[in-house]
Every structure is written in C-alpha cells, then in structure tokens.
Amino acid sequence: MAKKPLRSQFFITIFLLHILTPIQSQPFSRKLSKNSFGFKKEKLSHLHFYFHDIVTSDHPTAVKVAAGPVTNTSQSFFGLVMMMDDPLTLKPDPKSKVIGRAQGIYASADLEKLGFLMVLNYCFTEGKYNGSTLSILGRNAALTPVREMPVVGGSGLFRFARGYALAKTHSLDFKTGNAVVEYDVFVLHY
Ligand SMILES: *[C@@H]1O[C@H](CO)[C@@H](O)[C@H](O)[C@H]1NC(C)=O
Ligand SMILES: *[C@@H]1O[C@H](CO)[C@@H](O)[C@H](O)[C@H]1NC(C)=O
C-alpha cells in the first residue's frame with residue numbers, strides 16, 4: 001500500500017516535467033504570419049480556354065513516348081504514354097490568341113474503358129498570369145461529356161492554389177486523333 005502513492009508521484013513528476021519543458025523549435029522550420037508574406041484574402045477565379053491536342057500533323061504537339069505490351073490490342077490503348085506541349089487558346093479556333101500551354105503527360109491507365117491519367121502543368125503566357133502555372137493531376141475518361149480533374153497546386157500568382165478543372169470535348173477527329181477541348185477551371189488562390 002505504501003508503494004502506490006510513491007509510484008503515482010513518480011508519474012506525476014514525469015508528466016509535469018514533460019509539459020513544462022519548452023517545445024524546442026526545429027532548426028529547419030519556423031512559423032510565419034500569412035500577412036507578412038502578402039497572402040491576404042483567398043480569391044476564387046474562373047479560367048476558360050481551349051486546349052488543342054494535335055497528334056497528327058507535320059508539327060504535332062502531343063507525341064507517343066511509350067507503349068505497353070498490350071497497348072496495340074487493348075481497346076483502351078492501355079499503357080500508352082503521350083507527352084504533350086499543347087497550346088491553350090481563347091477561342092476554339094487554333095489561330096485565336098494563345099494564352100498558355102498544357103505541358104505534361106497523359107497515359108492510358110484504364111484496362112477496360114478509355115481513361116487517361118493526366119499529369120500536367122498549365123503554363124500561362126498572357127496578361128497578369130504570364131509565368132504562373134497550375135498543376136493538374138487527375139483522371140480523364142475522354143469519351144464522357146464532362147471530366148473533372150483536381151488542381152493540386154500552382155506557382156507564381158497561383159501559389160497555394162487548389163480547385164478543379166472541367167473538360168468538355170469541343171471537337172474530335174477520329175481519323176487523326178486531333179482534338180479541341182474546352183476547359184473551365186475554378187481555382188482558389190491568393
Ligand atoms: C504496336 O504497333 C506499332 C505500330 O504499328 C509497332 O511499331 C509496335 O511494334 C507494336 N508493338 C507491339 C508490342 O506489338
Ligand atoms: C511573358 O513573360 C516573358 C518572360 O518574362 C516575356 O518575355 C514575355 O514577353 C511575356 N509575354 C507577355 C504577353 O507579356
């Protein structure tokens with residue numbers, strides 16, 4: 001019976017020591033206020049543009065860089081990997097004003113249906129967003145009317161960005177594979 005209070009005293013002492021010891025800040029991290037960095041109010045922006053995937057042309061903007069052992073016989077081209085640097089324009093007309101490029105990879109990642117893994121950056125080249133980027137990582141079931149892909153981040157004016165992109169096929173030439181896709185992007189950023 002005499003042992004029990006001693007033991008609980010010991011644990012209380014350890015506990016007090018633990019909470020009274022100041023938490024050491026790590027040498028590689030510190031807290032900052034958002035205002036000191038100029039991040040004041042979060043904004044919601046809507047971007048609208050057309051994406052031109054030119055596969056068949058003298059100057060293609062999307063090229064095959066890899067294929068898997070079943071890509072040729074798969075109805076969904078499973079394993080196909082394409083690298084793109086596709087122009088983004090204001091209007092569906094490819095000759096309309098270019099406002100940026102979609103640079104990255106789309107790869108067939110669905111064994112059954114057409115479903116691309118999209119890993120790309122929108123690199124804007126016009127107006128105040130010139131030099132800023134948005135990063136997309138998502139699934140694109142290209143034959144469905146509207147596809148939603150997450151915006152996972154950004155740079156420049158899009159630092160701390162998050163949001164989503166909605167893609168709708170504007171035109172698709174089944175012979176050449178060339179496509180124009182309308183994008184509506186909704187993004188929260190500072
Ligand atoms: C798939 O088809 C392409 C073009 O016809 C050919 O070059 C390639 O060798 C084929 N790949 C396989 C794994 O059969
Ligand atoms: C965008 O920025 C680049 C690099 O700073 C510059 O060379 C280019 O002229 C700018 N484009 C526009 C349309 O302002």
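Read the numbers this way: they start at 1 and go in the same order the structure lists the ligands and their atoms. Worth knowing before you read on, the calculation uses all heavy atoms, side chains too, and leaves out hydrogens, waters and symmetry mates.
When only non-hydrogen protein atoms are considered, atom 14 (O) of ligand 2 lies nearest to N130 ND2, 3.3 Å. Remark: minimum distance from atom 13 (C) of ligand 1 to any protein heavy atom is reached at P69 O, 4.2 Å.
Residues L80 and K64 form a side-chain contact, since some pair of their non-hydrogen atoms from C-beta on lies under 4.5 Å apart. Counting heavy atoms from C-beta on, the side chains of V119 and Y106 never come closer than 4.5 Å.
Between the side chains of Y190 and K34, at least one donor N or O sits under 3.5 Å from an acceptor N or O.
A salt bridge does not link K91 with E182: none of the charged nitrogens is closer than 4.0 Å to a carboxylate oxygen.
At under 3.5 Å, a nitrogen or oxygen of N72, whether backbone or side chain, sits near a nitrogen or oxygen of ligand 1.
Shown here, atom 4 (C) of ligand 1 is out of close reach of the protein: none of its heavy atoms lies under 4.0 Å off. Checking atom 7 (O) of ligand 1 against the protein gives no heavy-atom contact under 4.0 Å. Within the 4.0 Å cut-off (strictly below), a protein heavy atom is located near atom 11 (N) of ligand 1.
S135 contributes atom OG, which lies 10.5 Å from atom OH of Y122 (distance to the nearest 0.5 angstrom).
Set against the non-hydrogen atoms of E126, the atoms of ligand 2 under 4.0 Å away are 13 (C). Using a 4.0 Å cut-off to heavy atoms of T125, the atoms of ligand 2 that qualify are 11 (N), 12 (C), 13 (C).
None of Y50, F51, F49 except one satisfies the ring pair (Phe, Tyr, Trp, His ring centres under 6.0 Å) rule with H170; the exception is Y50.
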